[in-house]
Protein chains: 2
Amino acid sequence: MSDRKIRNMEEFAAVSGISRPTVSKYFNDPASVRASTREKIETALKEHDYRPNIFAMNQNRKLTKNLGIVVPYLADPFFAGIARRIEDLVISAGFRPILLSSHGDAKLEVENLDSLLSIKPAGVLLAPLGRISDTAAIERFCREVPTVNFDANIDGVGEAFVGHNNAQATEMMLEYLTRTGEPPAFFEMKSPPNPNANKRRTAYVETMERMGHTPHVIQAEGEGWDIEEIGFREGARVLSQDSLPSRTVFCSNDRLAIGFLAAAYEAGIKVGLGDDCVLRVAGHDNHPFSRYTCPTLTTVSHNYSAIATKSVETVMAMIESGERAPERNSTLFDGELIMRASA
Amino acid sequence: MSDRKIRNMEEFAAVSGISRPTVSKYFNDPASVRASTREKIETALKEHDYRPNIFAMNQNRKLTKNLGIVVPYLADPFFAGIARRIEDLVISAGFRPILLSSHGDAKLEVENLDSLLSIKPAGVLLAPLGRISDTAAIERFCREVPTVNFDANIDGVGEAFVGHNNAQATEMMLEYLTRTGEPPAFFEMKSPPNPNANKRRTAYVETMERMGHTPHVIQAEGEGWDIEEIGFREGARVLSQDSLPSRTVFCSNDRLAIGFLAAAYEAGIKVGLGDDCVLRVAGHDNHPFSRYTCPTLTTVSHNYSAIATKSVETVMAMIESGERAPERNSTLFDGELIMRASA
DNA sequence: TAAATAAATTTACGCGCGTAAAATTTAAGA
DNA sequence: TCTTAAATTTTACGCGCGTAAATTTATTTA
């Protein structure tokens with residue numbers, strides 16, 4: 001590596017023996033220049049360690065290579081995990097991922113989109129907060145930037161939706177629980193922050209009725225994203241009142257189930273499949289920590305990689321074609337039953 | 001709000017009745033212009049919704065308002081939590097946080113720094129991977145950009161270190177466990193990815209010896225960041241062999257403890273303080289999930305907010321003064337005992 | 001009220017790169 | 001070898017803003 005510092009593309013073009021506009025073209029798309037030219041540039045690149053100024057590039061490019069990723073709550077390992085998959089795919093597509101978390105706050109969600117606007121992203125992958133989201137502000141954003149909505153569906157948000165098939169997943173778990181024991185009660189938050197919760201409740205009620213059973217929905221009080229805490233507190237209340245309509249409890253999501261299991265443990269109630277167990281508990285999401293609950297949590301997994309892949313593919317297609325989809329279509333991926341010890 | 005679109009600072013200066021260089025100065029620092037001028041600009045701002053082009057700004061500014069935050073593993077809620085605190089502080093200091101995760105991969109850690117370099121950050125807050133980090137590459141980066149090292153200390157990385165007082169925290173927990181029961185064995189990873197682990201082991205051994213007890217270190221095989229899994233697998237092995245030298249186990253960190261507790265549960269071993277319990281287990285970190293283990297985990301909390309605040313203050317001081325510290329100094333904040341049910 | 005100081009304006013240039021148009025060279029095919 | 005299309009080079013301009021120097025205007029102090 002030469003010690004002479006290259007200050008700009010002009011100088012780099014000089015040392016590589018190629019004109020600056022062609023070098024510019026190379027950095028825009030290496031495949032767009034002749035193989036012999038590409039080689040010359042790449043040889044010079046190894047010698048001189050030059051990199052185009054990202055600000056000057058983006059100032060003039062009609063389309064930046066920035067791609068925003070907004071998740072509702074990054075401290076939730078569930079979202080951290082899916083964000084990571086998406087980041088990897090975005091990088092290998094040659095884009096620069098900008099990961100932002102809304103931290104459960106609708107105002108911050110809009111601020112994040114606002115902040116993204118200022119870096120002219122080529123596209124955005126948005127997992128909205130849901131119920132509390134400022135839908136009008138988000139829609140305004142989506143008119144400016146090609147956006148794909150994932151995880152939590154909000155009508156009108158983004159050109160497409162990619163998510164988890166809550167209906168199929170709920171039905172599958174219900175079938176399993178009923179077949180191997182008894183029809184479960186459904187434990188959920190009274191005001192769930194996420195719209196998936198509503199889909200799951202609806203699917204629970206409808207499937208139960210179709211199966212000829214009476215649905216029992218237990219609603220936990222509490223707001224916000226401290227979901228384990230709500231599951232624990234309300235779980236303890238329900239268990240102490242001994243008011244459960246079924247000895248099987250299907251929690252709306254794993255974080256609620258994690259809290260519920262902790263409450264059961266503390267109450268000395270043995271959960272699981274064994275003869276000495278008095279309760280079965282199931283969750284939904286295959287949360288990273290569901291493998292380490294006591295007992296380990298039976299749950300339904302999202303098809304994370306399919307959702308990540310499809311989301312990225314969809315936004316990339318929009319970016320490349322340069323046009324919006326004629327109609328908003330949604331893709332749902334089926335869940336997978338994860339059988340563990342709790343049910 | 002007017003419907004006329006403002007395209008650049010020139011046009012915005014025109015509608016606000018102020019010259020463009022003064023407007024530029026305002027955006028650089030609103031306090032640097034006369035109050036009457038500031039008002040005029042802010043009135044126009046409300047009317048016309050203009051925002052300076054961030055790329056054009058950063059291209060010419062000697063110092064951008066970007067501030068990099070690099071954590072080793074964002075899917076760990078521990079790091080997600082501390083990253084969030086730091087982000088908040090950075091934003092309120094008027095900077096734009098760029099959060100990147102190394103995902104446990106040393107190559108990605110260097111790539112992250114490399115990527116930050118291209119956006120000319122004013123400073124960087126780096127929590128390095130630790131043992132596997134490419135120290136030489138990181139040091140090279142630190143010579144270019146004012147960097148503060150936090151969480152895991154690596155000599156030579158950054159101008160300062162801010163972290164947790166592992167020695168004090170370990171000693172405090174040891175004192176508690178010994179006073180209320182018996183001296184614990186120490187459960188850790190054989191090849192811990194994080195240097196804090198080494199500090200904790202050393203503190204354990206030294207304190208035990210000072211107290212007149214024989215230290216017992218149990219080392220779990222296994223590499224990488226799937227720490228709960230390692231704690232579970234190796235915990236199960238240790239418990240099945242019935243080879244524990246003490247009925248109290250002090251885990252090097254909470255994630256290991258979470259796995260260990262799951263193993264104890266599965267082995268039917270009752271953990272806690274009650275008369276019917278045969279084992280006490282303690283952790284270290286006050287991981288967000290340590291409140292929901294079975295039983296709830298007794299642990300030591302970092303002083304998260306102090307660490308975040310001091311880290312941000314330190315890097316801000318470096319940025320403002322424009323000079324590097326004459327010597328690298330480290331600040332350690334004491335831990336706090338979190339007494340729960342497991343010990 | 002004049003002088004001293006601070007702030008704002010005018011003028012002018014540069015940052016590093018994208019990109020368009022026209023001229024030229026290169027590679028591929030008949 | 002000639003034709004043709006593709007790739008490259010030359011030339012030239014613009015993006016939106018930072019910033020320096022000189023000048024003018026406003027505010028504060030004596």
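Letters A, B, ... are given to chains in the order of the sequence lines, protein chains preceding strands, and every chain is numbered from 1. Side-chain atoms are counted along with the backbone in the values below, which use heavy atoms only and exclude waters and symmetry mates.
Distance, B/Glu11 CD to D/dC15 P: 11 Å, rounded to whole Å. Regarding A/Met57, its CE atom lies at a distance of 17 Å from the P atom of D/dG16, rounded to whole Å. Taking atom CZ on B/Arg20 and atom P on D/dG18, their separation rounds to 7 Å, with Å as the unit. Rounding to whole angstrom units, CZ of residue B/Phe12 and P of D/dG18 are separated by 13 Å. Rounded to an integer number of Å, the gap from B/Asn53 CG to D/dG14 C1' is 14 Å. Rounded to whole Å, atom P of D/dT19 lies 7 Å from atom CZ of B/Arg61.
When each of C/dA20, C/dC17, D/dG16 is scored by its nearest atom to the side-chain atoms of A/Asn8, the top-ranked nucleotide is C/dC17. Out of C/dT11, D/dT8, C/dG18, the shortest distance to the side chain of A/Met9 is found at C/dG18. With C/dG16, C/dT11, C/dA8 as the candidates, the nucleotide lying closest to the side chain of A/Gln59 is C/dG16. Of the candidates D/dT10, D/dG16, C/dA7, the closest approach to any side-chain atom of B/Arg34 belongs to C/dA7. Closest to the side chain of A/Asn60, out of C/dG14, D/dG14, C/dT10, is D/dG14.
Under a 3.5 Å cut-off, the side chain of A/Asn112 and the backbone N or O of A/Ser101 do form a donor-acceptor pair.
For B/Arg7, the CZ atom is loosely surrounded, since the number of other residues' heavy atoms within 6.0 Å does not exceed 12.
Across all strands, B/Pro52 comes closer than 4.0 Å only to sugar-phosphate atoms, never to a base (heavy-atom distances). Using a 4.0 Å heavy-atom cutoff across all strands shown, A/Asn28 reaches sugar-phosphate atoms only and no base atom.
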Stepwise side chain to side chain donor-acceptor pair (under 3.5 Å) test for A/Arg61 and A/Asn28: CA-CA 9 Å; A/Arg61 242 207 270 273; A/Asn28 223 320; 2.7 Å; yes
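Between A/Ser24 and C/dG18, a side-chain N or O to OP1/OP2 separation shorter than 4.0 Å is present. Dashed line: the shortest gap from a side-chain N or O of B/Tyr50 to OP1 or OP2 of D/dC17 is under 4.0 Å.
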